[in-house]
Amino acid sequence: MTGVEQTAGRAAGAGPVLLGVRHHGPGSARAVRTALEEVRPRVVLIEGPPEADALIPLAADEEMRPPVALLAHAVDEPGHSAFWPLAEFSPEWIALRWALEHHVPARFIDLPATHTLAWGRQDDEAATAGEGPPPAGTAPDGDTGPGPAELRIDPLAVLADAAGYDDPERWWEDVVEHRGAGEGDALAPFTALEEAMGALRETYGSGGHDRDLVREAYMRLQVRVAQREFEDGVAVVCGAWHVPALRQKTTVAADRALLKGLPKVRTDMTWVPWTHRRLARTSGYGAGIDSPGWYGHLFSAPDRPVERWLTKVAGLLRAEDRIVSSAHVIEAVRLAETLAAMRGRPLPGLSETTDAVRAVMCEGSDVPLALIRDRLVVGDELGEVPPSARPVPLQRDLTRLQRRLRLKPEALERELELDLRKENDAARSRLLHRLRLLGIAWGEPAASRGSTGTFRETWRLRWEPELSVRVAEAGVWGTTVLSAATARAEADAVGAEGLAGVTALAERCLLAELPDALPTVMRVLADRAALDTDVGHLAQALPALVRSLRYGDVRGTDTAALAEVAAGLAERVFVGLPPACAALDADAAEEMRGHVDAVHGAVALLGDAPAAGHGRLRGRWQSVLRVLSGRDTVPGVIRGRAVRLLLDDGQLAQDEAALLMGLVLSPGTPPADAAAWIEGFVGGASGGGMLLVHDERLLGLVDAWLTGVPAEAFTDVLPLLRRTFSAYEPGVRRTLGELVRRGPGTGGGATAAGTATPGFAADFDTERADAVLPVVRLLLGLDDMDDDTEDNNNPAGVTG
């Protein structure tokens, strides 16, 4: 390919100029620009959906910045869609820009999206019916056309193998991407590539993709139309694989016969932002490239691309506090050039520069290389489209809210801290929660590091191009974010299968502040709660309901109706829980213990809610816990948890808890049941370890029981005990180990059963309290205040 010289000229009547390219190839993009400058066609035809012809002028808008994509979606089913991505180094984008800059008409000539989307729907239906979609593969020229990739061969791999390369990407870089502009015929590389693809198509035919034949028939018809209008002033930019087919002499009747009876769907189209990261995914369209950031650098670097690339790498590593100097860059350049010479490459490629960076700048480590690949080789570049790009009504409302709330979509993930006491932050929270209800996962909630109050929220924001599809799909629910989220919440409530799903939806409606949706959700919730008799379902639903009550204070939402439903749900849990806890196996008992913990926390919150009758809920729940703690048919893990919860609430004295533990750990109790009781009592993240540290009576009981477990039963209870104590923090485990090693009552601040622990007696220890008073006064600054007062009252400094 690199040795072709002046293979073909353009004479009158020579037909259209066919520029076969690799989509998203910077070398192809440069070659297309050079060829168009030399040929100066009167019309430029580009592979792409013709419905987008009206959108071509927007490519010249100052606010249009690639990477972008043409989005086609079915009007009646917006989620059914297809993309045609374009980067600044895409040959199609260069052709569009050249035509607009030179006032030359440009047209898309691929099969209309109305047919390709219908094909996609047929494939989905076939997959649903169990027939499965056609086998996926990679389009031979990196084709961006939508639809399943059915090709059985990769022509670039075949050509690379014929040239002695084991890597098609490396072969393409050597013969195209690293090829300079040079002198001579600008069409020579396209002629050579056409000959190569012609030979491949003679051998492989359509490569197993019959739909390509239909697309190529449509493209030939469009080329004929352009030739009748502009004669020989026609230039076609398309995938190199299609060039031999477009050159093929066929009749109009034969081409139209291939197009007869194609399925259709009503389609709408617009521009949407895209990202380099999204370009790095194949996504079923065969449009993926491994290194969009690297390709963008090759296209934009005016000279010395290797030196400029390694300088970028050094800058990134310095920003991450790694020591990288100019000497590192110089040495990396030398090593990359040496590797390229040893491997017989015209210029260092991505593999050579990566190897040089690993050896020189990363000290042989692959950890920094992962960062370089993520930030530079792939990159987080996010394109922009102008407001006039005909978005769906919901997208227009979302864009308006984003601008008003100063929430700019970004491809790079970032954290957003919100204080719901501030109006703008509260509005941001409402927007993000409403979008999540609509399935538009722009933001994901994260744990707040600075505060656990309900007035603070933390979000992780990242805008992915496919969210534009989700916005279009959500447009069926309404024309604004508020109306669409309300309609979606009402529909989800009616269609929800389980009670827990409805309660979770009620919580999300409160977070999103959807007052118009709440009546429907609450009606469905009350109906489902009345009919559901599964205590597990009721116990799962209650925490979400009670948690929702906490949002009323900060968000100003009326939660009175929710509180009444929650109280009624709690009463039903109280009645049904004891029978439901009987005769459970180990797994079911562990699951039920989680429900008991959740209900306990919910009742604590619900009892504090300002609603009539809620005050007695705590007492009712404590009665249920007493029943659970003393019923032999209840599994040990639940009985132990019930005792622990009563102890934490002050409803059970330490002596009584120790007595219950002693009874359970007596020789008459099976070891497995006793171990389960211990797990319920001191297991989990509820501070059970600290309880044992500060109450040696309990620790002594556990220690004495464990040392007395028979050898044949010890292996059965060991996994359960290991799970219990491994959940403690390392410091707690270490303290417990020291106490057990010393033995009960031998020191360390804890004493044997029946004696008082220093500092934990029934009465105040005034002597120990007096010892800390000077430190407390110093911390509070009371000594300084006394000195100032004394100076003011005694200005002469008289003592005595």
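What you see below is based on every heavy atom in this structure, not just the backbone, and it leaves out hydrogens, waters and symmetry mates. No experiment lies behind these values; they were computed from the predicted model shown.
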Where do Val521 and Ala493 come nearest, in terms of heavy atoms and distance? CG2-CB, 3.9 Å
Counting only N and O atoms by type, is there a donor-acceptor contact under 3.5 Å from the side chain of Ser365 to the main-chain atoms of Cys362? no
Side-chain donor-acceptor pair under 3.5 Å between His600 and Gln622, yes or no? no
Could you tell me whether Ile323 atom CD1 has more than 12 heavy atoms of other residues or ligands within 6.0 Å of it? no
Between Glu444 and Arg436, is the closest basic N to carboxylate O distance under 4.0 Å? yes
Answer yes or no: is there an ion pair linking Lys408 with Glu410, defined by an N-O contact shorter than 4.0 Å? no
Any side-chain heavy-atom pair of Val596 and Leu645 under 4.5 Å: yes
Without swapping roles, check the side chain of Arg65 against the backbone of Leu382 for a donor-acceptor pair under 3.5 Å. yes
Any side-chain heavy atom of Asp419 sitting closer than 4.5 Å to one from Lys422? yes
Between Arg375 and Glu320, is the salt bridge (charged side-chain N to carboxylate O under 4.0 Å, His left out) condition met? List the steps. CA-CA 12 Å; Arg375 298 280 185 86; Glu320 297 296 324; 3.7 Å; yes
Give a yes or no answer on whether the side chain of Arg428 reaches the backbone of Leu405 with a donor-acceptor pair at less than 3.5 Å. yes
Donor-acceptor check, side chain of Arg641 to backbone of Gly680, threshold 3.5 angstrom: yes or no? yes
A side-chain contact here means heavy atoms from C-beta on lying under 4.5 Å apart; do Val68 and Val272 qualify? no
Could you tell me whether the side chain of Asp61 and the main chain of Glu63 form a donor-acceptor pair under 3.5 Å? yes
Distance col, row Leu461:CG vs Glu413:CD, nearest 0.5 angstrom, shows 8.5 Å
Is there a side-chain contact between Arg404 and Arg400, using heavy atoms and a 4.5 Å cut-off? yes
Say whether, by atom type as modelled, one donor and one acceptor occur between the side chain of Arg318 and the main chain of Val324 under 3.5 angstrom. yes
Is any side-chain heavy atom of Trp274 less than 4.5 Å from a side-chain heavy atom of Pro66? no
I'd like to check Pro67 versus Glu88 (side-chain heavy atoms, cut-off strictly below 4.5 Å). Are they in contact? no
Does the Asp397 side chain pair with the main chain of Val481, one donor and one acceptor, at a distance under 3.5 Å? yes
Pairwise side-chain contact, Leu416 with Leu407, heavy-atom cut-off 4.5 Å (strictly under): yes
By the definition side-chain hydrogen bond (donor to acceptor under 3.5 Å, both in side chains), identify the one residue from Glu457, Glu513, Arg508 that meets it with His433. Glu457
Can you find a side-chain donor-acceptor pair between Ser483 and Thr486 that sits under 3.5 Å? no
Between the main-chain N or O of Asp425 and the side-chain N or O of Ser429, is there a donor-acceptor pair closer than 3.5 Å? no
For His24 and Phe89, take the angle between the two ring planes, folded into 0 to 90°, and tell me which bin it lands in: parallel under 30, tilted 30 to 60, perpendicular over 60. perpendicular
Check the pair Trp309 / Trp294 against ring pair (Phe, Tyr, Trp, His ring centres under 6.0 Å), numbers first and verdict last. CA-CA 8 Å; Trp309 175 257; Trp294 166 253; 5.0 Å; yes
Report the residues that fulfil salt bridge (charged side-chain N to carboxylate O under 4.0 Å, His left out) with Glu423, sequence neighbours left out, ordered by chain and then residue number. Arg430
Contact between Val313 and Met361 at the side-chain level, heavy atoms closer than 4.5 Å - yes or no? yes
Going by the rule ring pair (Phe, Tyr, Trp, His ring centres under 6.0 Å), which residues pair with Trp93 if we only count those two or more places apart in sequence or in a different chain? none
